[in-house]
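Some notes on the structure that comes next.
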Number of protein chains: 2
Amino acid sequence: MTGQVRTVDGRVAGRRGQATRQKLLDCLSEMLSSSPYRDVKVIDVARKAGTSPATFYQYFPDVEGAVLEIAEEMAKEGAGLTDLVAGRSWVGKSGWQAAEELVDGFLGFWRKHDAILRVVDLGAAEGDKRFYKIRMKILNAVTNSLTDSVKELQSKGKVDKDVNPAAVAGSLVAMLAAVASHQKGFQSWGVKQAELKPNLALLVHLGITGKKPTK
Amino acid sequence: MTGQVRTVDGRVAGRRGQATRQKLLDCLSEMLSSSPYRDVKVIDVARKAGTSPATFYQYFPDVEGAVLEIAEEMAKEGAGLTDLVAGRSWVGKSGWQAAEELVDGFLGFWRKHDAILRVVDLGAAEGDKRFYKIRMKILNAVTNSLTDSVKELQSKGKVDKDVNPAAVAGSLVAMLAAVASHQKGFQSWGVKQAELKPNLALLVHLGITGKKPTK
DNA sequence: ACTTGTCCTGTCATGCCGTCAGCTTACCGA
DNA sequence: TCGGTAAGCTGACGGCATGACAGGACAAGT
């Protein structure tokens, strides 16, 4: 790995360069939160950062390229999500606790990065491998751990043999991601934030263990 | 409801006008399937339809406006999804069958309209109420029916009192939608299409009834 | 053929894109 | 202190998409 930050035309970026680069990324992040992805223009980002469009193009090939940078950064943070699942027990009361903390941590993360995540989601759904890989990186952190948990329960005979651990884990994680993306949507069904979490935890617990939790 | 198709400037569209309008919508649909939403330009759609950009603007305010038309059309078809759930029994073998058919029907629908649905999803996630309403219209068809099913089971004492039917139903539907959007993603976890469906059905059945299915 | 209303397009001003040459700034060795 | 060199930034420009308009082409009825 180089670790060297480079401009589009190959120069290495110094202290000042990295600062403006970061400022552009920050402004882009803000714009993604406040306006539709389709309407985010290079000129707006540049203006917001107090610089010129030409400067933007010195550091990024286009808006998409810059978005990928932000997403990459977030993916690193997302690796920490593993801790929500790794090495947890899914039996008895600690199982319920594990489910609750997973839901809580996951929703929190998604909420914090919702603007960039919905763009990543779109890119992945459109088949762009770069976005797709980033999405995987984040979800794998949780999915792989969950898959292992199911496999373990399966080897002990506590979960049916015909369950595909990866399919179940992946589906549950997809559910968490989807619900997090559309949290507002549940309000129109009369479901409040606070009510949502325990019900999600219930579904996760049911999916992993096949049994109702003991609270 | 008017039912009258109108141009942007208020004229009523005749036979020929409606034809070109529809052609524009079809071409836009195709473009959405083949290129990123962000890169779909009016001029490309017009070119593909063998007409001029000015014609496009006669029928739609912008790309987004046209997308909404397509989405609205799809939402009508989506109302038929209700049949996948309404009036089904969730006990015994028929419960498993209900789960399987729901998964199958839902994934099929999502797959058929994946291009437009991911744009709707994006718009909804970005907080655009128009997209949001369309998404609701489709999901409500299933969610409401599922909610009723859970309520019924609850009233018979077969499901715990502290379960929120709407939250569970909404979460399960969100899961189905998310998995459908990222079906390719599961392949990288070594999960094949055919394996995915029964596992999803299992999760749905578990979520609705709280019990493992009897196949 | 004439009229009427629908339908389409050429054209234009405006604004964003993406690139380049050239200017300014910071760093560094002599 | 003084160039020299590379980093950093921007004005300006051709190219393209946008969105509006007026006017021409077309179909249908008289």
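Just so we're on the same page: letters track the sequence lines, and every chain starts at 1. Computed from a prediction, not measured in an experiment: that's the story for all the values here. Below, all heavy atoms of this structure are taken into account, side chains as well, without hydrogens, waters or symmetry copies.
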Let's go through B:R38 and A:E64 carefully: what are the C-alpha distance in whole Å and the side-chain angles of both, what is the deciding distance for salt bridge (charged side-chain N to carboxylate O under 4.0 Å, His left out) to 0.1 Å, and is it a yes or a no? CA-CA 10 Å; B:R38 199 166 200 281; A:E64 208 182 67; over 6 Å; no
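D:dA17 atom P lies 6 Å from atom CZ of B:R47, rounded to whole Å. Rounded to a whole Å, the CD atom of B:Q18 is 16 Å from the C1' atom of C:dC8. Straight-line distance from the CD atom of A:Q22 to the P atom of D:dG8: 14 Å, rounded to whole Å. Residue B:R15 contributes atom CZ, which lies 10 Å from atom P of C:dC7 at whole-angstrom precision. In this structure, A:D44 places its CG atom 13 Å from P of C:dG15, rounding to the nearest Å. In this entry the distance linking CZ of B:F60 with P of D:dA20 reads 15 Å, nearest Å. Atom NZ in B:K23 sits roughly 15 Å away from atom C1' in C:dC7 (whole-Å rounding).
Note on A:R11: a base of the nucleic acid sits closer than 4.0 angstrom, heavy atoms only. Across all strands, A:F56 comes closer than 4.0 Å to no nucleic acid atom at all (heavy-atom distances). Across all strands shown, A:R21 has no heavy atoms under 4.0 Å from either base or sugar-phosphate atoms.
Side-chain nitrogen and oxygen atoms of B:T20 include at least one within less than 4.0 Å of the OP1 or OP2 phosphate oxygen of C:dC8. For B:T51, a side-chain nitrogen or oxygen approaches OP1 or OP2 of C:dT9 to under 4.0 Å. Look at A:T55 and you won't find any side-chain N or O under 4.0 angstrom from OP1 or OP2 of D:dG8. Checking the phosphate oxygens (OP1, OP2) of C:dT19, no side-chain nitrogen or oxygen of A:Y57 falls inside 4.0 Å.
The side chain of A:K41 sits closest to C:dC16 out of D:dT10, C:dC7, C:dC16. For A:V12, the side-chain atoms get nearest to D:dA7 when compared with the rest of D:dT18, D:dA7, D:dC21. When the nucleotides D:dG8, C:dC8, D:dA7 are ranked by their closest atom to the side chain of A:Y59, D:dG8 comes out on top. Among the nucleotides D:dA17, D:dG19, C:dG10, the one closest to the side chain of B:D62 is D:dG19.
For B:K137, the NZ atom sits in a packed shell: over 12 heavy atoms of surrounding residues, nucleotides or ligands are nearer than 6.0 Å.
Between the CG atom of A:D148 and the CG atom of A:L153 there is a distance of 11.0 Å, given to the nearest 0.5 Å.
Take the nearest nucleotide of DNA chain D for A:S52 and for A:R38: the residue whose nucleotide is more 5' is A:S52. Between A:Q58 and A:I43, the residue anchored closer to the 5' end of DNA chain C is A:I43, taking for each the nucleotide with the nearest heavy atom.
A cation-pi arrangement, defined by a distance under 6.0 Å to the six-membered ring centre and an angle within 45 degrees of its axis, is absent between B:R118 and B:Y37.
For the residue pair A:Q22/A:D26, the side-chain donor-acceptor check at 3.5 Å is satisfied.
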